[in-house]
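Here the structure comes first, spelled out in structure tokens, and everything after it is commentary.
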There are 2 protein chains.
Amino acid sequence: MTRLTRDDIVVASGKRFATYGYHGTSMRDLGDDLGILGSSIYAHVGGKHELLVAVVERASDLFSASAAAAIALGGDPDDTLKALVAGHIDVLVDHAAEAKTFLNEAWFLEESDRLHVIQIRNDYEAVFRRTIQLGVDDGTFRRGVDVEVASIYILSILNAIERWFRPNGRLDRAELATDMHRFIVEGLT
Amino acid sequence: MTRLTRDDIVVASGKRFATYGYHGTSMRDLGDDLGILGSSIYAHVGGKHELLVAVVERASDLFSASAAAAIALGGDPDDTLKALVAGHIDVLVDHAAEAKTFLNEAWFLEESDRLHVIQIRNDYEAVFRRTIQLGVDDGTFRRGVDVEVASIYILSILNAIERWFRPNGRLDRAELATDMHRFIVEGLT
DNA sequence: CCTCTGTAAACAAACGTTTGTTATGCTCCC
DNA sequence: GGGAGCATAACAAACGTTTGTTTACAGAGG
């Protein structure tokens, strides 16, 4: 009988929340996944909402770290964009449950936590905006690109990965990153 | 005292499901929105799951109709793509609640209904795939486009609209459709 | 009068959570 | 080295509330 840590419970929560949603998950469901009673979870956490906070926090840390790493590379805007795309894919593939919960369930956080997440998400998006703007300024990308909206398009493509990509499918993550970057830069032509 | 129809209840359900999710909505919540008791809803529908079916069905009908209309126009592949994009935006803007529920909550339908929705969604996606393939064949789009994945990219951008677009924002829907079509065809360059 | 839409009250089940207790180790001290 | 003492992690049972749903009944309109 191996005993459980708070971390084990957060991981299991992420999976449940990602699959069935926060409101679609009961403490007893979670207990079943972990092989303990639902009530026993309260020895590790103060309540259900704390688990959502923990899962979402994990994901937002990963995304933030990915953006920081892409910037730290210090190449031209197109290189940074490549790194941002590849990094986002890595987070989504390697931490699918947390990322999915972050994208779909953060809305159900309490006011203050939710505002904090929105802040982090906006900071992350700002890295995309700045990168594209730099690319427009130095002529890598066309003048007249609506930087704000283009960032949203790119993140839309990236975030949707969670809904269709399977690691053992036709494409591996490297092919996906390459193909996606090309689509973003060149479109269908 | 204006009396309610089944339709009124389905509309209210759509809004609630879109905002709080299927599991985050109770029959009493719904009753409050409608100004009646939660239990009174059972005079109109057989159960909560029936409401989800009705809302999702509405949305899928709208999407199917949009695709059919785009094809009926009968222009070249790029014209069809333009119409598909504009039509998708129209559905998402004019029927936001139903569309959002369709995109995010259909997973919680019972097995058979869920499979039916997946079928419809796949048919809809197939229209995008066919259109792009035609464009590749006649030279409108570049050879080497991964048609399957490109369709997913485009639908990813389209479906995410629900998460950020506000009808009274900086862009109206016509500008959005134009900008989005250009991004899809030309990318950042 | 009869159907339809609503209320009122209740149902069993499931919900998040609390409480009291037990089993299992770890650490310190004789 | 072996108890004593304590923290941890779990169970078992119950708490009060909310859930989806059912039943009995009232009023209003065609």
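Across all strands shown, Leu37(A) has heavy atoms under 4.0 Å from base atoms, whether or not it also approaches the sugar-phosphate.
If you measure from atom CG of Leu51(B) to atom C1' of dT19(D), you get 15 Å, rounded to the nearest angstrom. Atom pair Ile36(B):CD1 and dT7(C):P shows a separation of 6 Å (rounding to whole Å applied). Going from atom CD1 of Ile41(A) over to atom P of dA12(D) covers 15 Å, rounded to whole Å. Atom CG of Asp29(A) is separated from atom C1' of dC15(C) by 11 Å (rounded to the nearest Å). Note: CZ (Arg16(B)) to P (dT19(D)) measures 10 Å, nearest angstrom. Atom pair Arg6(B):CZ and dG6(C):C1' shows a separation of 18 Å (rounding to whole Å applied). The distance between atom NE2 of His44(B) and atom C1' of dG6(C), rounded to the nearest whole Å, is 8 Å. Taking atom CG on Asp8(B) and atom P on dT5(C), their separation rounds to 11 Å, with Å as the unit.
With sequence neighbours left out, the side chain to side chain contact (heavy atoms under 4.5 Å, CB included) criterion links Ala83(A) to Ala70(A), Leu73(A). Partners of Arg28(B) under the side chain to side chain contact (heavy atoms under 4.5 Å, CB included) rule, at least two apart in sequence or in another chain, are Ser26(B). For Ala18(A), the side chain to side chain contact (heavy atoms under 4.5 Å, CB included) test picks out Ala97(A), Lys100(A), Thr101(A), with sequence neighbours left out.
The list of ring-ring contact (aromatic ring centres under 6.0 Å, His included) pairs with a residue in residues 54-81 of chain B, not counting sequence neighbours, reads Phe63(B)-His88(B), Phe63(B)-Phe102(B), Phe63(B)-Tyr124(B).
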Side-chain donor-acceptor pairs under 3.5 Å in residues 109-117 of chain B, sequence neighbours left out?
| residue | atom | partner | partner atom | Å |
| --- | --- | --- | --- | --- |
| Glu111(B) | OE1 | Arg114(B) | NH2 | 3.2 |

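Stacking of Lys48(A) on the aromatic ring of Tyr42(A) is not recorded, the 6.0 Å distance cut-off and the 45° axial limit not both being met.
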For nucleotides 20-30 of chain D, just jot down a letter per nucleotide in 5' to 3' order: B, S or -, based on protein non-hydrogen atoms under 4.0 Å. BBB----B---
